[in-house]
Amino acid sequence: MTLRAVVTGVGHYLPERVVENAEFEKSLDTTDEWIRSRSGIERRHFAAPDETTSSMATAAARAALEMAGTDVQDVDAVVLATSTADLTFPSAATMVQAQLGMKTGFAFDIQAVCAGFVFALSNANALILSGQARRVLVIGAETFSRIMDWTDRSTCVLFGDGAGAVLLEAQDGDGTAQDRGILSTDLNSDGSHRDLLYVDGGVSTGTTGYLRMQGNQVFRHAVSKLAATATTAMERAGVSDGDIDWIVPHQANIRIIEGTAKKLGLPMEQVVVTVQDHGNTSAASIPLALSVAHARGQIKRGDLLVTEAIGGGLAWGAVVLRW
Ligand code: UT7
C-alpha cells in the first residue's frame, strides 16, 4: 500500500469585473491586436476594492470543499500560494482559515510567484506522505492588479486577479502510475535571475511597490525550463508523453504554452488554455485552469495530468498527477 495525495475537490473564484484589452487603448499606447498576438490574452478579471487575496481564496476553497463534500472541520491544513497576501503578515492562509471558520489545524503561505501553486502542491503532498496531514486545502490566489504600474504598457496589460483551490486527501494506492493522486513533483529555482521579474517594494523600501519584468528575457528561459521540469517529473512518475492526457500549464503567454507543448510532443488539443479569459493570474492560474477544465468536462477522473509553471526568482517546477 502506498499513500497518495488525491484531488477530491476543485473550485475557483473570479472577480465580477472583466476588463477587455480594448479598455487599455484609452490610457496607453497599446492595441488589442498587440496584446492578443504577443500574449494570447483577450480579457482579465480585476478585484473590487473590498476584495482581497484571502477573500477570493476563501471563496475558491469553499467551492472545492463543496465538490468534495467535506466539512471544513475535517481539513488539517491550508497551504496558500500567493505573492500578493493581504498584509505583510499574518499569512493570507491564516486569514482564509479564519474566514472558513476552521478551528483546528494549521495554515501557511507559499511564495514562489507564478510557480507558487506547483510549489504548494508539492509541499502539501509532502505533508500528506509524511503523515502530518490527511486533508489539505491547496489554494492559489492573487490580486496582481494591486501591484501594477498602470503607466507601464509592457506589464499592466498582462496580469489579472482570481483564485483556485483543490482539496487533497490521503488515499491508499498500489504504488503504480495507475494510482490516482500526485505521482511526482519537480521543483527548481535560480536566484541569480532576480532582476528579470520582481516587485520594487517591500519591507526594505516601506512601499508595496510595482511589478517589474523584462518579459522577453523571462520568455527566453520559459519554454526550455518548463519542458525540462515536466520531462523530469514524468520520468519520476514512470510515465511518458504518450501517457499524458492533459497538460495544465501556467497561463502567462499562449506562445510559451504552445512552445512547451510542442517540445513535449503533445498537440494543443491536449492542453488546457484559459489565458485568453484570465490573463496571467500568477499562482492562481493553474488551479483556475484545473477548475475551469473540470467544469468544461475536459479533465475527467483517471486522466493523467502534468502541470508546469515558471515565474519570478526564477522559480519553476512541475507536478504529475492522476485526476
Ligand atoms: O508568469 C510569470 C512569467 N512571465 C512570463 O512568462 C512572461 C514572459 N514574457 C512574455 O510573455 C512576453 O515577453 C511579453 C508578452 C511580455 C512581450 O512579448 P515580446 O514578444 O517578448 O515583446 P518584447 O518585450 O520584445 O517587445 C516588443 C515590442 C517593444 O517595442 P520595440 O522595442 O520593438 O520598439 C515593446 O516596447 O513591443 C513593445 N510593447 C508594446 N507595444 C504595444 C511592449 N508592450 C507593449 C504593449 N503594446 N502593451
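On a predicted model such as this, the values are computed, not experimentally measured, just so you know. When a ligand or atom number is given, it counts from 1 through the structure's own listing order.
- Outside the 6.0 Å centre-distance limit, the rings of Trp150 and Phe159 are not counted as a close aromatic pair.
- Under the 4.0 Å distance rule, the nearest protein heavy atom to atom 36 (O) of ligand 1 falls inside the cut-off.
- Looking at Ile35 against ligand 1, nothing comes within 4.0 Å, counting heavy atoms.
- Considering only non-hydrogen protein atoms, atom 17 (C) of ligand 1 sits nearest to Trp34 CH2, 4.0 Å.
- Those atoms of ligand 1 that come under 4.0 Å of a heavy atom in His250, given as number and element, are 1 (O), 2 (C).
- For atom 33 (O) of ligand 1, no protein heavy-atom neighbour is found at a distance under 4.0 Å.
- Taking a distance limit of 4.0 Å, we find that atom 29 (C) of ligand 1 is approached by no protein heavy atom.
- Those atoms of ligand 1 with a heavy atom of Val218 less than 4.0 angstrom away are 3 (C), 4 (N), 5 (C), 6 (O).
- The protein non-hydrogen atom at the shortest distance from atom 15 (C) of ligand 1 is Asn253 ND2, 3.5 Å.
- In this structure, atom 1 (O) of ligand 1 has protein heavy atoms in its sub-4.0 angstrom surroundings.
- Residue contacts with ligand 1 for Leu197 involve side-chain atoms from C-beta outward but no N, CA, C or O (heavy atoms, distance under 4.0 Å).
- Every atom of ligand 1 with a heavy atom of Ile256 under 4.0 Å away is listed here by number and element: 6 (O), 8 (C).
- For ligand 1, the polar-atom distance check finds no N/O of Ser39 at less than 3.5 Å from any of the ligand's N/O atoms.
- The distance criterion of under 3.5 Å between nitrogen or oxygen atoms is met by Gly215 with respect to ligand 1.
- Scanning the protein heavy atoms around atom 16 (C) of ligand 1, the nearest turns out to be Leu158 CD1, 3.6 Å.
- Distance check on atom 11 (O) of ligand 1: some protein heavy atom falls below the 4.0 Å cut-off.
- Put simply, part of Asn280 is less than 4.0 Å from ligand 1, judged by heavy atoms.
- Distance alone, capped at 3.5 Å, is enough to place a donor-acceptor pair between the Glu51 side chain and the Ala48 backbone.
- The backbone N or O of Thr52 sits nowhere less than 3.5 Å from a side-chain atom of Asp86 that would complete a donor-acceptor pair.
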